[in-house]
Amino acid sequence: MEFTSDFMWGCASAAYQIEGAYNEDGRGMSIWDIHSLNKDVVAYNENGNVACDHYHRYKEDVQLFKQLGIKYYRFSISWTRVLPNGIGEVNEKGLQFYIDLVDELLSNGIEPIVTLHHWDYPYELYKLGGWMNPASPEWFEYYTKIIVDALSDKVKYWITINEPQCIVGCGYYTGTHAPFVHASIIDMITMSHNILLSHGRAVKYIRENAKISPQIGYAPTGPSFVPEDDSEEAIEEARLKTMSMKNSGFFAITWWSDPIFLGKYPDDAYELFGEAMIKPSEEDMKLISQPLDFYAVNIYYSSSIRGDGSTYETNSFQGAPKSTMNWRVDEIVMYWSCKFLYERYKTPILISENGIANIDWVGLNGKVEDPQRIDYISRYLLCINKAMEEGIPVIGYMYWSAIDNFEWACGYDKRFGMIYVDYQTQKRTIKESGHWYKQLIESNGEVLEQYKMLYK
Ligand code: FCB
């Protein structure tokens with residue numbers, strides 16, 4: 001197999017989805033705390049108040065992570081646990097939690113990857129206009145400073161923002177994530193630009209001030225299209241659709257990655273948004289486009305559609321393999337995404353999320369048997385391997401998720417974890433996939449060798 005000897009094997013999570021302790025030790029409220037109080041925006045009207053109670057159980061959880069054999073753990077910081085009002089006074093107890101978590105991980109041989117922002121935006125800043133406010137990039141820099149000053153003597157890997165597509169696209173366009181609203185195009189452009197500037201300020205701060213030499217990335221997602229067949233035309237069509245604004249608008253890869261990696265907004269954004277489109281200054285684009293060490297990307301399934309909007313028969317037939325999210329098991333997207341992203345952005349790729357929600361429960365034998373998850377991970381990894389064989393540098397894989405958690409608007413129903421959580425008792429059980437992952441990591445992927453021929 002092509003996995004390099006330093007391939008980064010890990011798992012990922014996000015603060016609001018696992019921590020709970022929403023009103024303890026001085027934590028302030030985020031838009032998810034406040035807006036999930038609305039009726040019927042989250043399945044069963046659930047919320048992250050308790051979640052996996054990771055805030056109190058992080059030591060037990062780190063021991064379980066160790067049993068998964070992971071070398072890296074990607075987690076995010078709850079902005080309002082550290083800065084209850086988003087800016088201003090630091091909540092020392094909240095900050096201490098992350099210092100302790102980092103220490104606990106490192107002393108158990110697990111390297112932390114810190115995501116600064118994974119959607120739980122401070123409600124107090126939202127009241128001031130949130131990402132619409134021209135001061136929002138400064139707020140983000142201030143928050144970054146607090147975290148970097150406290151953790152960068154031990155943390156080397158940083159991811160600024162997770163899936164900005166969903167911040168704007170789901171939060172303000174489809175209205176399916178907090179704050180569950182529909183904004184105007186011009187407002188969504190303003191927010192996008194401020195998010196990109198926030199990223200830029202954070203990168204600059206980390207680069208100039210981190211105590212140990214940092215590795216910095218950013219974790220967008222975005223609709224990726226796969227070719228309908230092997231022909232050159234189909235490949236070109238998939239490439240163009242993947243890198244176009246037309247099909248995807250605020251969810252597009254290029255909207256969120258061209259400014260950062262190419263230093264300019266995509267040309268078709270000007271066509272799509274016309275008069276509403278921003279005319280950014282050179283100075284802004286310079287700040288936004290500082291070099292990054294890796295392109296972190298969350299990849300789950302492809303958005304393959306034909307020109308007429310209908311789906312490919314090859315992946316959308318009745319009974320096609322799907323997860324409980326109704327997301328297709330569609331591993332070849334991993335290969336094509338890595339290929340198209342590397343062609344365009346020429347930056348080593350870290351798969352910062354990939355995983356499956358499955359129907360899991362603790363069996364009579366006490367085990368959580370989840371063969372679909374093992375098969376799913378194998379398929380996607382084989383497609384990463386195929387990309388690596390073609391010389392595309394993929395530096396690591398973070399399975400989403402380490403532990404079952406609060407899946408945003410879908411609540412607790414969707415179980416992505418390698419560790420099962422009984423939410424009535426908070427009892428954890430490592431799923432069979434978790435035990436298998438350990439062997440996979442120990443063999444550096446060699447256990448997949450038997451299937452390699454299937455992905456030639
Ligand atoms: C991604 C999110 C992550 C989780 C997975 C299933 O879009 O970044 O928090 O919800 O999907």
Side-chain angles (χ1 to χ4, degrees), residues 10-20 30-32 36 41-43 46-48 51-52 54 73-79 113-121 159-174 176-178 180 195 199 217-224 248 250-253 256-257 295-303 322-330 333-334 337 350-360 370 372-373 376-377 380 397-419 421 433:
C11 284
S13 73
Y16 189 70
Q17 295 180 272
I18 65 169
E19 285 180 5
S30 74
I31 54 172
W32 272 94
S36 58
V41 290
V42 174
E46 287 168 338
N47 56 46
C52 313
H54 175 73
Y73 172 58
R74 173 187 174 218
F75 65 94
S76 78
I77 309 251
S78 155
W79 186 337
I113 301 177
V114 170
T115 305
L116 289 169
H117 185 59
H118 197 130
W119 306 352
D120 43 356
Y121 195 78
I159 291 176
T160 55
I161 295 176
N162 182 72
E163 296 192 9
Q165 276 90 348
C166 292
I167 298 178
V168 172
C170 302
Y172 295 86
Y173 179 70
T174 60
T176 47
H177 278 184
F180 304 100
I195 290 172
H199 158 86
Y218 156 75
T221 181
S224 294
S248 322
F250 289 103
F251 289 93
I253 290 175
W256 293 103
S257 292
Y295 186 111
V297 61
N298 301 344
I299 298 175
Y300 290 88
Y301 59 96
S302 86
S303 312
K322 283 181 184 164
S323 72
T324 58
M325 293 292 281
N326 218 12
W327 294 353
R328 279 192 325 277
V329 178
D330 191 12
V333 69
M334 194 53 112
S337 287
L350 172 71
I351 304 302
S352 40
E353 284 182 28
N354 167 251
I356 182 171
N358 196 30
I359 304 175
D360 300 322
D370 56 343
Q372 285 88 349
R373 185 168 285 108
Y376 177 99
I377 299 171
Y380 281 74
Y397 175 84
M398 301 297 130
Y399 176 76
W400 181 273
S401 176
I403 185 163
D404 288 342
N405 60 55
F406 174 74
E407 176 47 38
W408 308 112
C410 298
Y412 293 95
D413 206 28
K414 310 295 179 198
R415 294 183 176 273
F416 277 91
M418 277 185 177
I419 300 165
V421 179
S433 60

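Order of appearance sets the numbers: ligands from 1, and atoms from 1 within every ligand. Note that these values count all heavy atoms, side chains included, but never hydrogens, waters or copies made by symmetry. Note that this is a predicted model, so its numbers are computed, not measured.
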Legend entry - Proximity of Y295 and Y218 rings by center, below 6.0 Å: no
Which of the atoms in ligand 1, numbered in the order shown and given with their element, are less than 4.0 Å from a heavy-atom of [X]?
X	value
F416	6 (C)
N162	8 (O)
E163	1 (C), 2 (C), 7 (O), 8 (O)
H118	2 (C), 3 (C), 8 (O), 9 (O)
W119	2 (C), 7 (O), 8 (O)

Legend entry - Flag side-chain contact, heavy atom, 4.5 Å: I161 against W256: no
Inset, instruction - State the CE-CG distance between M418 and D360, to the nearest 0.5 angstrom. - result: 11.5 Å
Inset, instruction - For ligand 1, note which part of M325 has a heavy atom under 4.0 Å away: side chain, backbone, both or neither. - result: neither
Inset, instruction - Please work out whether any backbone atom (N, CA, C, O) or any side-chain heavy atom from C-beta onward of T221 is under 4.0 Å from ligand 1, and answer side chain, backbone, both or neither. - result: neither
Legend entry - Candidates Y399, Y380, Y397, W400 - the one meeting side chain to side chain donor-acceptor pair (under 3.5 Å) with N354: Y397
Inset, instruction - Give me the one residue out of F180, W79, Y121 that meets ring pair (Phe, Tyr, Trp, His ring centres under 6.0 Å) with W32. - result: F180
What residue and heavy atom of the protein are closest to [atom], and at what distance?
atom	answer
atom 2 (C) of ligand 1	E353 OE1, 3.3 Å
atom 5 (C) of ligand 1	Y300 OH, 3.3 Å
atom 10 (O) of ligand 1	E407 OE1, 2.7 Å

Inset, instruction - Report the relative orientation of the aromatic rings in W119 and W408; use parallel for angles under 30°, tilted for 30 to 60°, perpendicular for over 60°. - result: tilted
Legend entry - Donor + acceptor pair across side chains of Y16, S76 (<3.5 Å): no
